[in-house]
Amino acid sequence: MNTPQSPIITAFERSPDGGRGLARDTRVRWALEEVGVAYGVRHVSFAAMKQPAHVALHPFGQIPTYQEGDLVLFETGAIVLHIAQRYPGLLPDDGNACARAIAWMFAALNTVEPPILEIVVAKFLEGDRPWAAERLPLVMGRIRDRLVQLSARLGDADWLDGAFSAGDLMMVSVLLRLRPSGLLDEFPNLAAYVGRGEARPAYQRAFDAQLADFNAANPAR
């Protein structure tokens, strides 16, 4: 009988997030920890990410990738959805609830995350442009609009739709990117929601693993 192969994910050799759990491999680690599946990590340098061997796994030369036997996946949404569908623990058994959890995954990635990522562009990639000072408030306003809607939907519930699911995992991962901006503090229920996600033992294990990798790559830090 064949023994199932443990998944192997790729991660930054030297993560630019400083080990704060913001690199996208943390989302995949978290999902694997939630379902109790052991995994391996292959670290990739920025130079190696653009080489043919890695581009064959991820056509855009990014991380993470996910390898499980003959299956190779890229994009965190696709990877986490695969994990959630393959192993119990991240999607409800009820068909309608499962569909709603998947909808929240897409909402996190397609509706909430894009304006959040614009903060990085506005501050660091376009911060020296003459119009940068005018653009940043517009970016922050678009994010705030999304947070108002999300906060209203969450209300005083612990999670977005009943029990914790892959939809919450993805949404918390996206909202964590807001912490340095201070915007999250304007919405106490969302800040508490993110805190509940961070408090989950599976998240803690994923965060600690990513931080350990960063520390190992930066011993003199």
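- Put simply, the side chain of L109 does not reach to within 4.5 Å of the side chain of M105, judged on heavy atoms.
- Contact of the Y193 side chain with the L175 side chain is registered, since non-hydrogen atoms from C-beta on lie closer than 4.5 Å.
- Expressed to the nearest 0.5 Å, how far CD1 of I143 lies from CG of L138 amounts to 11.0 Å.
- Listed for the D168 side chain is a donor-acceptor partner under 3.5 Å among the backbone atoms of S165.
- Between the OG1 atom of T76 and the CD atom of Q62 there is a distance of 10.0 Å, given to the nearest 0.5 Å.
- M140 contributes atom CE, which lies 10.5 Å from atom CD1 of I116 (distance to the nearest 0.5 angstrom).
- A donor-acceptor distance shorter than 3.5 angstrom exists from the side chain of Q204 to the backbone of E198, with no hydrogens or angles considered.
- Around atom CG of N110, more than 12 heavy atoms belonging to other residues, nucleotides or ligands sit under 6.0 Å away.
- V72 and Y66 fall into different hydrophobic clusters, where Ile, Leu, Val, Met, Phe, Trp and Tyr are joined by side-chain heavy atoms under 4.5 Å apart, directly or via other members.
- Salt-bridge check for R177 with E113: passed, with a basic side-chain N closer than 4.0 Å to an acidic carboxylate O.
- Salt bridge annotation for R144-E186: present, with a cationic side-chain nitrogen under 4.0 angstrom from a carboxylate oxygen.
- Judged by distance alone, with hydrogens and angles left aside, the side-chain atoms of N189 form no donor-acceptor pair with the main-chain N or O of D156 at under 3.5 Å.
- For the pair T10 (side chain) and T65 (backbone), a donor-acceptor distance under 3.5 Å is present.
- Using a 4.5 Å heavy-atom cutoff, the side chains of I83 and V37 are not in contact.
- In this structure, NE2 on H58 lies 8.5 Å from NZ on K50, to the nearest 0.5 angstrom.
- Using a 4.5 Å cut-off between side-chain heavy atoms of Ile, Leu, Val, Met, Phe, Trp and Tyr, with links allowed through other members, L90 and L71 fall into the same hydrophobic cluster.
- Rounded to the nearest 0.5 Å, atoms CZ (F207) and CD (E33) are 13.5 Å apart.
- The cluster map of Ile, Leu, Val, Met, Phe, Trp and Tyr, joined by side-chain heavy atoms under 4.5 Å apart, puts V55 and L57 in different clusters.
- A pairwise comparison of heavy atoms in A84 and A166 identifies CB-CB, 4.1 Å as the closest pair.
- The OG1 atom of T111 sits 10.5 Å away from the CG atom of L150 when rounded to the nearest 0.5 Å.
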Which donor-acceptor pairs under 3.5 Å do the side chains of residues 40-49 make with protein atoms, sequence neighbours left out?
residue	atom	partner	partner atom	Å
H43	NE2	D213	OD2	2.8
S45	OG	A48	N	3.0

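- Considering only heavy atoms from C-beta on, L22 stays 4.5 Å or farther from R179 through its side chain.
- Judged by distance alone, with hydrogens and angles left aside, the side-chain atoms of D161 form no donor-acceptor pair with the main-chain N or O of A101 at under 3.5 Å.
- Here Q149 pairs with R146 under the side-chain contact (heavy atoms from CB on, under 4.5 Å) rule; sequence neighbours left out.
- Of all heavy-atom pairs spanning F164 and W30, the tightest one is CZ-CZ2, 3.7 Å.
- Between R27 and V174 there is a side-chain heavy-atom pair separated by less than 4.5 Å.
- Scanning all heavy atoms of the two residues, the minimum distance from W159 to G197 falls at CH2-N, 3.8 Å.
- At distances below 3.5 Å, at least one donor-acceptor pair connects side-chain atoms of T26 with backbone N or O atoms of A23.
- Grouping the Ile, Leu, Val, Met, Phe, Trp and Tyr side chains by contacts below 4.5 angstrom, directly or via other members, places I63 apart from L176.
- Under the 4.5 Å side-chain criterion, counting only non-hydrogen atoms from C-beta, I9 is in contact with L32.
- Of the possible donor and acceptor atoms, none in the side chain of S15 sits under 3.5 Å from a partner among the backbone N and O of F12.
- Taking 4.5 Å as the limit, every side-chain heavy atom of F187 sits out of range of all side-chain heavy atoms of L154.
- You'll find the side chain of R196 stays beyond 4.5 Å of the side chain of V172, heavy atoms only.
- Criterion: ILVMFWY side-chain heavy atoms under 4.5 Å apart, direct or through other members. Under it, L184 and V148 are part of a common hydrophobic cluster.
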